[in-house]
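Below is one structure, written out as structure tokens, with a few remarks after it.
Residue numbers start at 1 and run along the sequence shown. These numbers come from a predicted model, not from an experiment.
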Amino acid sequence: PVTKNTLLVVPYGMGKATRTNTGEDIEYIEGQFGGDINWQPSSNLTTNITVNPDFATVEADEDVIDLTKYEIRYPEKRIFFQEGNEMYNTRLQTFYSRRIGDISGGVKLTGKAGKTNINLINAFDKNAVDSTGNKPMYTAIRVKRDVLKSSSIGFTGSNKLLDEKMMTTLSTDYVLNLGPLWKLTGQYVAAIDDWNVLRNAAYARFAAENNFFHWHLRYSYTQGEGFKDIFNETGYITDDDRHEFDSDLSYKWWIKNSPIKYISLGTANNAYWNDDFTKFMSSNLNENADIFLKNKLNFSFRYNNEYRFLKTDSADYYNYYYSGTIGYNTEAYNSARIIFRTGRSFGSDYYSFEAAFQLKVLDRLALELRPKYINFTPETSSYKTAFINSLAVTYNFTNDLWVKLICQNNTSNDKFYVYGLFGWRFKPPFGNLYFIVNHTEYMDPAGQFQNKYIGYLKLTYPITIR
């Protein structure tokens with residue numbers, strides 16, 4: 001780890017061999033160089049500069065079947081963006097790092113100064129996003145300060161600069177703890193299109209909660225007329241044009257002298273109208289029950305009933321589902337769960353079976369398996385009957401020498417993905433040697449078969465300058 005006033009330079013070199021087949025075989029070999037500079041100006045602040053970083057060690061996202069008609073939100077897996085990324089997890093998330101593709105360079109400052117947490121990111125996307133060949137620059141800053149005894153206020157700014165045009169969001173948020181039970185939270189966001197167009201969003205939430213009980217009432221407003229388009233240049237929001245009201249209520253009963261560990265019941269409901277209250281857009285009711293036994297078995301039940309007017313179709317939809325889960329030891333790593341779900345989503349009836357297994361077979365061998373089958377009637381371009389499977393196996397010869405294998409398949413688009421990694425930390429934690437092979441094949445939306453093999457050999461070596 002970097003210590004105070006120490007400069008750590010971590011250059012890397014990588015060889016990459018690629019073979020693709022989209023009608024004809026194409027093979028090429030290329031080299032790539034880059035690195036990181038880490039500096040810790042104080043015990044609580046860290047600065048990182050990255051030049052031409054490579055994300056070859058990042059495995060692909062698992063395929064997800066979306067039943068909401070909203071954009072799927074994927075987790076951040078790239079190390080450069082991960083540290084401090086949780087600071088941006090406000091309800092109206094104005095910075096979503098997955099908006100940024102591969103980068104040619106970036107600067108990040110993260111840490112804490114006194115009572116103030118700080119995260120600053122500036123990154124240059126290496127891929128052109130339009131026909132002009134221009135490449136965007138992203139900037140985000142998050143400042144959060146502790147106030148009073150256990151409250152906070154925060155500010156977030158994000159910006160995308162492309163061809164001298166800026167898409168900007170500015171946000172303030174607060175958490176006010178009003179005693180041991182009551183809490184008031186809220187946020188205001190201004191979304192600005194090149195300093196010419198201003199759109200607004202805000203929410204306020206009043207809650208009471210402790211270790212057993214939770215209740216809240218929230219009002220949210222997101223302006224229409226292009227708010228989402230501006231906001232999602234750097235952030236993540238599912239929809240705009242809303243006056244939304246929601247309330248959750250849950251309670252957990254801990255039971256003594258019984259095979260039952262605890263029972264939890266909850267309800268979460270919301271409804272929203274459009275920007276000028278002329279159209280009722282949606283109601284959503286969610287009911288849940290969880291029973292955890294002392295022998296580590298647990299049972300979960302879910303019911304959802306949703307009405308939604310879908311603007312893209314100008315149509316009303318009535319969706320619902322029931323689901324039941326049987327799990328074992330799901331509060332720990334070694335766990336298993338099986339889920340059955342049936343319902344209706346945007347005109348298609350469906351049922352699905354899903355399982356998730358995480359197991360340390362041996363002290364050094366870990367296995368994760370997630371199979372899922374979903375059947376739609378009728379099938380549509382968005383909803384196709386599919387079997388999706390994900391398998392990950394990791395074997396650690398030592399703490400610094402390991403192999404990892406990931407396999408994924410999706411029958412809806414004939415996708416097959418294999419990722420294999422051999423890793424050796426010969427000078428922990430930054431001196432590493434990686435050998436990676438991945439293979440992807442699938443049928444794209446145009447009906448063209450895509451097939452690609454890539455092999456990487458990557459070496460990183462740390463140099464400490466005091």
### Task
Quick one: pull up OG1 in Thr411 and CD1 in Ile388 and give me the separation to the nearest 0.5 Å.
7.0 Å
### Message
For Arg99 versus Asn232, what's the shortest heavy-atom pair and its separation?
### Response
NE-O, 2.9 Å
#### Entry: Evaluation steps, side chain to side chain donor-acceptor pair (under 3.5 Å), between Thr385 and Glu379
CA-CA 7 Å; Thr385 297; Glu379 293 187 336; 2.9 Å; yes
### Exceeds 12 heavy-atom contacts within 6.0 angstrom, atom CD1 of Ile338
no
### Message
I'd like to know whether the aromatic ring centres of Tyr262 and Phe292 sit less than 6.0 Å apart in this structure.
### Response
yes
### Query
Is atom CG of Asn89 surrounded by more than 12 heavy atoms (other residues, nucleotides or ligands) closer than 6.0 Å?
yes
### Task
Report the C-alpha separation of Gln450 and Thr440 in whole Å, then their side-chain angles, then the decisive distance to 0.1 Å, and conclude whether the side chain to side chain donor-acceptor pair (under 3.5 Å) test is met.
CA-CA 8 Å; Gln450 304 288 337; Thr440 306; over 6 Å; no
## Note on the structure
dist Thr325:OG1 -> Phe340:CZ (nearest 0.5 Å) comes out at 11.5 Å
### Query
Can you tell me how far CE of Met166 sits from CG of Asp194, rounded to the nearest 0.5 angstrom?
6.5 Å
### Task
Report the distance from atom CG of Leu391 to atom CD of Glu368, rounding to the nearest 0.5 Å.
9.5 Å
### Message
Working note: Glu71 + Arg73, criterion salt bridge (charged side-chain N to carboxylate O under 4.0 Å, His left out); need CA distance, chi angles, decisive distance, verdict.
### Response
CA-CA 6 Å; Glu71 177 190 5; Arg73 188 182 187 282; over 6 Å; no
### Message
If I take atom CG from residue Asn410 and atom CZ from residue Phe416, how far apart are they, to the nearest 0.5 angstrom?
### Response
12.5 Å
### Query
Excluding sequence neighbours, so at least two apart, what forms salt bridge (charged side-chain N to carboxylate O under 4.0 Å, His left out) with Asp290?
Arg302
### Task
Look at atom NZ of Lys16 and say whether more than 12 heavy atoms of other residues, nucleotides or ligands are closer to it than 6.0 Å.
yes
### Query
Sequence neighbours excluded, which residues qualify as ring-ring contact (aromatic ring centres under 6.0 Å, His included) partners of Tyr96?
Tyr236
### Query
Taking only residues two or more places apart in sequence or in another chain, which ones pass salt bridge (charged side-chain N to carboxylate O under 4.0 Å, His left out) with Lys372?
Glu354
### Task
Determine, for Glu244 against Arg218, whether the closest basic-nitrogen to carboxylate-oxygen distance falls under 4.0 angstrom.
no
### Query
Around Ile72, counting heavy atoms of other residues, nucleotides and ligands shown, do more than 12 lie under 6.0 Å from its CD1?
yes
### Message
Between Asn334 and Asn329, is there a side-chain donor-acceptor contact under 3.5 Å, judged purely by atom types and distance?
### Response
no
### Message
Is there a side chain to side chain donor-acceptor pair (under 3.5 Å) between Gln32 and Tyr12? Walk through the geometry before answering.
### Response
CA-CA 8 Å; Gln32 184 172 317; Tyr12 82 85; 2.8 Å; yes
### Message
Among residues at least two apart in sequence or on other chains, which ones pass ring-ring contact (aromatic ring centres under 6.0 Å, His included) with Phe81?
### Response
none
### Summary
Applied to residues 110-119, the salt bridge (charged side-chain N to carboxylate O under 4.0 Å, His left out) test, sequence neighbours excluded, yields Lys112-Asp146
### Closest non-hydrogen atom pair, Ala386 against Ser412
CB-CB, 3.7 Å
### Summary
Partner of Asn159 under side-chain hydrogen bond (donor to acceptor under 3.5 Å, both in side chains), picked from Thr169, Thr139, Thr168, Asn122, is Thr168
## Note on the structure
Lys261 meets the salt bridge (charged side-chain N to carboxylate O under 4.0 Å, His left out) criterion, sequence neighbours left out, with Glu331
Pair up each side-chain donor or acceptor in residues 417-426 with any protein partner under 3.5 Å, not counting sequence neighbours, and list the distances.
residue: Tyr417; atom: OH; partner: Ala60; partner atom: N; Å: 3.2
residue: Tyr419; atom: OH; partner: Thr57; partner atom: O; Å: 2.8
residue: Arg425; atom: NE; partner: Asp400; partner atom: OD1; Å: 3.1
residue: Arg425; atom: NH2; partner: Asn399; partner atom: O; Å: 2.6

### Task
Please say whether more than 12 non-hydrogen atoms of neighbouring residues, nucleotides or ligands are located less than 6.0 Å from CG in Leu401.
yes
### Message
So for atom CG, which belongs to Asn210, do other residues, nucleotides or ligands contribute more than 12 heavy atoms lying within a distance under 6.0 Å?
### Response
yes
### Task
Go through the side-chain N and O atoms of Asn44 and Ser42 and say whether any donor and acceptor fall under 3.5 Å apart.
no
### Query
Can a salt bridge be assigned to the pair Asp61 and Lys77 using a cut-off of 4.0 Å between side-chain N and carboxylate O?
yes
### Considering all heavy atoms, the nearest Thr222-Ala201 contact
CG2-CB, 3.7 Å
### Task
Search all heavy atoms of Ser335 against all heavy atoms of Thr330 and return the closest pair with its distance.
CB-CA, 3.8 Å
#### Entry: Residue pairs involving residues 446-462 (criterion salt bridge (charged side-chain N to carboxylate O under 4.0 Å, His left out); sequence neighbours excluded)
Asp54-Lys458
### Message
With a sphere of 6.0 Å drawn around NZ of Lys126, does it hold more than 12 non-hydrogen atoms of other residues, nucleotides or ligands?
### Response
yes
### Query
Can you name the residues that form a ring-ring contact (aromatic ring centres under 6.0 Å, His included) with Tyr395, not counting sequence neighbours?
Phe397
### Query
Got a sec, which residues hit salt bridge (charged side-chain N to carboxylate O under 4.0 Å, His left out) with Lys108, two or more places apart in sequence or on another chain?
none
### Message
Aromatic contact between Phe353 and Tyr373, with the criterion being ring centroids under 6.0 Å apart: yes or no?
### Response
no
### Task
Under the salt bridge (charged side-chain N to carboxylate O under 4.0 Å, His left out) rule, what do Asp444 and Lys415 come out as? Steps first, then yes or no, please.
CA-CA 9 Å; Asp444 68 19; Lys415 177 181 176 180; over 6 Å; no
### Query
Quick one: does NZ or CZ of Arg142 land under 6.0 Å from the six-membered ring centre of Tyr88, within 45 degrees of the ring axis?
no
### Message
With salt bridge (charged side-chain N to carboxylate O under 4.0 Å, His left out) as the rule and sequence neighbours excluded, what pairs involving residues 83-96 come up?
### Response
none
### Message
For a quick test of reading the model, state the closest non-hydrogen atom pair linking Phe227 to Ile237 and the distance between them.
### Response
CE2-CD1, 3.8 Å
#### Entry: Candidate pair Lys384 and Asn413, rule side chain to side chain donor-acceptor pair (under 3.5 Å), full reasoning
CA-CA 9 Å; Lys384 295 182 178 180; Asn413 60 356; over 6 Å; no
### Task
Please determine which of Tyr383, Tyr321, Tyr350 meets the side-chain hydrogen bond (donor to acceptor under 3.5 Å, both in side chains) test together with Ser345.
Tyr383
### Query
If you draw the axis of the six-membered ring of Phe212, does the NZ or CZ of Lys252 fall within 45° of it and under 6.0 Å from the ring centre?
no
#### Entry: CG/Leu457: more than 12 non-hydrogen atoms of other groups inside 6.0 Å
yes
### Query
What is the distance from atom CG of Asn48 to atom CD1 of Ile37, rounded to the nearest 0.5 Å?
9.0 Å
### Task
Mind checking ring-ring contact (aromatic ring centres under 6.0 Å, His included) for Tyr333 and listing every partner two or more places apart, or none if nothing turns up?
none
